[in-house]
Amino acid sequence: MKIVSITSELSARFANLAVISALMVVVLHAGGNCERLSNGWWFGMLSKAVAKTAVPVFFLMSGVFLAGHFEERDWWKNETLKRIRTLLIPFWVWNFLWWAYLVVMGIVSDMRAGSPVGSDFGWQFSNRVFLGIVGLNILSSPFYSVTWFLRTLFVFVLISPMVLSLMRKWPILTLVGFYIADCLVRGGAADCGFLRFFMATEGLVWFALGVGWRMGVVSIPKIGNGVKTLLWCGWIFALLGHIAFAAWEVRGPFSWLSLIVPLSMALLFLYVPTRRFPSWLISSALPCYLLHMFFLSVFRIAVTTSRNFALVVIGEILFAFLGSVAFSMLIRRVGRPVGKLLFQR
């Protein structure tokens with residue numbers, strides 16, 4: 001097995017993709033739930049189609065970087081111990097912080113309403129909350145929902161010897177199998193919390209692709225103008241199908257996102273800038289992913305109503321993204337031990 005080296009251009013692409021993906025995660029969570037066919041609904045349809053590639057990008061890059069250690073002695077043991085520090089500890093910390101934040105918000109809400117403190121039971125500690133914080137609720141999302149990525153990635157590291165073996169023997173068959181499994185989960189035919197939030201099929205196929213590419217068993221061909229045109233036509237067709245099925249409430253065993261995401265990934269890699277973003281912005285990608293829900297929550301408390309939906313959503317996105325970047329930079333400069341605990345960097 002020969003490990004494929006990462007060129008400086010590809011390294012810049014990956015670094016820039018991390019920033020773009022963090023921004024797309026913010027876009028994905030902005031806007032909230034809206035009535036069907038309203039402005040907010042249309043925004044949700046479009047943003048989901050564009051931004052659903054965000055987390056798959058992180059899984060792809062994780063597979064690429066993990067595979068770079070496969071030739072090292074005791075690589076699985078070393079990488080597992082490393083991921084306990086970089087994935088599990090932040091997972092526990094951020095889930096506890098989200099619970100603590102909800103406690104404070106619950107107390108403030110009770111005091112503002114003139115109710116006895118503790119009347120809002122939504123934030124109080126329970127067995128369900130405990131399982132969500134420590135990550136043992138394998139059939140549902142963690143207590144702080146965005147941390148499902150950290151838990152799932154740790155699971156993928158644990159099973160990486162199996163993924164390595166499968167990609168060595170049957171690379172294409174393995175990827176097709178994982179992709180079909182993801183299609184079934186997205187379409188609802190095999191929908192369950194375990195395959196969405198723990199052994200997430202939407203991440204497994206991209207993690208395996210990253211491993212396969214770095215091992216040299218899967219190659220990515222050069223794409224000419226004709227193929228680019230086909231990719232754009234396919235993406236537009238899938239987007240229209242996604243919107244039409246949602247607008248007419250057509251349900252079936254297939255989700256258009258199963259087609260949109262790989263096409264979006266291909267287009268994203270084609271057009272991502274090759275000139276490296278500033279290092280302070282690149283290093284803020286993961287902190288932005290972990291912090292943005294706090295800033296979205298604060299924004300929604302401060303801005304409760306508005307007639308202009310577009311302005312509110314733009315404000316949400318800018319406040320959450322820029323606020324997360326600024327706060328993470330401040331924490332890492334002022335309180336380095338805290339920054340290392342929260343962001344592991």
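Nothing here was measured: the structure is a model prediction, and the numbers come from that model.
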Quick one: are [X] and [Y] in side-chain contact, heavy atoms under 4.5 Å?
X      : Y      : result
Met329 : Trp280 : yes
Ser165 : Met162 : no
Val50  : Ser264 : no
Val55  : Met24  : no
Trp213 : Pro171 : no
Thr152 : Met199 : no
Leu66  : Ser160 : yes
Ser284 : Phe277 : no

Do [X] and [Y] sit in one hydrophobic cluster, given that two such residues count as connected whenever their side-chain heavy atoms are within less than 4.5 Å of each other, even indirectly?
X      : Y      : result
Trp235 : Leu231 : yes
Leu286 : Ile20  : yes
Val334 : Phe327 : no
Phe269 : Val205 : yes
Phe91  : Ile138 : yes

Any salt bridge between Arg300 and Glu316, counting N to O under 4.0 Å? yes

Using a cut-off of 6.0 Å, state whether more than 12 heavy atoms not belonging to Phe194 lie near its atom CZ. yes

Test item: [X] side-chain N/O and [Y] main-chain N/O as donor-acceptor pair under 3.5 Å:
X      : Y      : result
Ser145 : Ser141 : no
Tyr289 : Val146 : yes
Trp256 : Ala238 : no
Thr147 : Leu150 : no
Arg332 : Ser328 : yes

Measure the spacing between [atom1] of [X] and [atom2] of [Y] and express it to the nearest 0.5 Å.
X      : Y      : atom1 : atom2 : value
Leu46  : Leu239 : CG    : CG    : 6.0 Å
Phe154 : Ile159 : CZ    : CD1   : 12.0 Å
Ile331 : Leu291 : CD1   : CG    : 8.5 Å
Phe96  : Phe143 : CZ    : CZ    : 11.0 Å
Leu60  : Leu268 : CG    : CG    : 10.5 Å
Leu166 : Thr174 : CG    : OG1   : 4.5 Å

Go through His242 and Ser255 one step at a time and tell me if the side chain to side chain contact (heavy atoms under 4.5 Å, CB included) criterion holds. CA-CA 8 Å; His242 171 62; Ser255 170; 5.6 Å; no

Lys82 vs Leu87, test: side chain to side chain contact (heavy atoms under 4.5 Å, CB included). Steps then yes/no. CA-CA 8 Å; Lys82 177 182 176 181; Leu87 294 176; over 6 Å; no

Specify the closest pair of heavy atoms between [X] and [Y], including all atoms of both residues, with the distance to one decimal.
X      : Y      : value
Met265 : Val57  : SD-CG2, 3.4 Å
Ala67  : Ile3   : O-CD1, 3.3 Å
Val4   : Met215 : CG2-C, 4.5 Å
Tyr179 : Ser258 : OH-O, 2.7 Å
Asn16  : Arg275 : ND2-O, 3.0 Å
Arg151 : Pro142 : NH2-CD, 3.6 Å

Within the 3.5 Å criterion, strictly below it, is a donor on [X] or [Y] matched to an acceptor on the partner's side chain?
X      : Y      : answer
Asn78  : Arg83  : no
Tyr101 : Ser297 : yes
Arg196 : Thr201 : no
Arg276 : Ser11  : yes

Between [X] and [Y], does the ring centroid distance fall short of 6.0 Å?
X      : Y      : result
Trp99  : Phe130 : no
Phe294 : Trp98  : yes
Phe65  : Phe14  : yes
Phe59  : Phe207 : no
Trp148 : Phe197 : no

Worked check of side chain to side chain contact (heavy atoms under 4.5 Å, CB included) between Leu204 and Phe156: CA-CA 7 Å; Leu204 186 56; Phe156 288 173; 3.7 Å; yes

Where do Asn137 and Ser140 land on the side chain to side chain contact (heavy atoms under 4.5 Å, CB included) test, with the steps shown first? CA-CA 6 Å; Asn137 57 337; Ser140 58; 3.2 Å; yes

